[in-house]
Amino acid sequence: MTLSATRPALVGTGRADPRVSFLVLIGWYAAVVVAFGLFLGTLSGSVPVGCGEGCDSERSRMLLFGLYVALPAMFLALLVSLATLAALVSRVRIRSGALVGTLSAVVPLAGCALLTASL
């Protein structure tokens, strides 16, 4: 019989909680959507005078851009983020769920921002 101190039971696996990481990931995407909504609120909704029937307001043009360009880009970024989140949670020993969620969201969102800004 040895007199060594007993080791405390390890709590958890040393990995981030996938639920917390997923909520942080969704929070980043919600922040982008809210920021786009606030940006739309700053744009003018009036059509320029003397433009005719074929003109749209700045707000409606940006809304169409968001619907047809930014929304599909965000969807693809979300799929990449979810795959990255699954890989990070299962393979990397990062204990912070906030860090794992942020890491899995930031790179695809930055790619999405670069894509939409280049158009």
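The analysis underlying the following values was restricted to heavy atoms, covering all of them including side chains, and did not include hydrogens, waters or symmetry mates.
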Which distance, rounded to the nearest 0.5 Å, do you find between the [atom1] of [X] and the [atom2] of [Y]?
{"X": "W28", "Y": "L23", "atom1": "CH2", "atom2": "CG", "result": "15.0 Å"}
{"X": "S81", "Y": "F22", "atom1": "OG", "atom2": "CZ", "result": "10.5 Å"}
{"X": "L109", "Y": "L114", "atom1": "CG", "atom2": "CG", "result": "11.0 Å"}

Please name the pair of heavy atoms, one in [X] and one in [Y], separated by the smallest distance, quoted to 0.1 Å.
{"X": "M62", "Y": "F39", "answer": "CG-CE2, 3.7 Å"}
{"X": "A73", "Y": "L115", "answer": "CB-CD2, 3.8 Å"}
{"X": "P72", "Y": "L67", "answer": "CD-O, 3.6 Å"}
{"X": "C112", "Y": "M74", "answer": "SG-N, 3.8 Å"}
{"X": "D56", "Y": "S60", "answer": "CB-OG, 3.1 Å"}
{"X": "A105", "Y": "L25", "answer": "CB-CD1, 3.5 Å"}

Solution key, residues 44-51 side-chain donor-acceptor pairs under 3.5 Å, sequence neighbours excluded:
residue : atom : partner : partner atom : Å
S44     : OG   : S46     : N            : 3.3
S44     : OG   : S46     : OG           : 3.0

Side chain to side chain donor-acceptor pair (under 3.5 Å) contacts in which one or both residues fall within residues 103-114, not counting sequence neighbours: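 Counting only pairs at least two positions apart or across chains, no side chain to side chain donor-acceptor pair (under 3.5 Å) contact touches residues 103-114.
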ILVMFWY cluster, [X] and [Y] together (side-chain gap under 4.5 Å):
{"X": "L71", "Y": "L76", "result": "no"}
{"X": "V80", "Y": "L99", "result": "no"}
{"X": "V92", "Y": "L85", "result": "yes"}

For A77, does its backbone N or O pair with a side-chain atom of Y29 as donor and acceptor, under 3.5 Å?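 Pair found, side chain donor or acceptor close to backbone of A77.
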Side chains of [X] and [Y]: closer than 4.5 Å at any heavy-atom pair?
{"X": "T84", "Y": "V107", "result": "no"}
{"X": "L63", "Y": "L40", "result": "yes"}
{"X": "L38", "Y": "V34", "result": "yes"}
{"X": "I94", "Y": "L103", "result": "yes"}

Can you confirm whether more than 12 heavy atoms, excluding those of F65, are under 6.0 Å from its CZ atom?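 Correct, the count exceeds 12.
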Just wondering, more than 12 heavy atoms not from R19 lying within 6.0 Å of its CZ?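 No, the 6.0 Å shell around CZ holds no more than 12 heavy atoms from other groups.
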Residue list, side chain to side chain donor-acceptor pair (under 3.5 Å) with T42, at least two apart or on another chain: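 Counting only residues at least two positions away or on another chain, T42 forms no side chain to side chain donor-acceptor pair (under 3.5 Å).
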Criterion side chain to side chain contact (heavy atoms under 4.5 Å, CB included) on V100 and V89, from CA distance to verdict: CA-CA 7 Å; V100 170; V89 166; 3.9 Å; yes
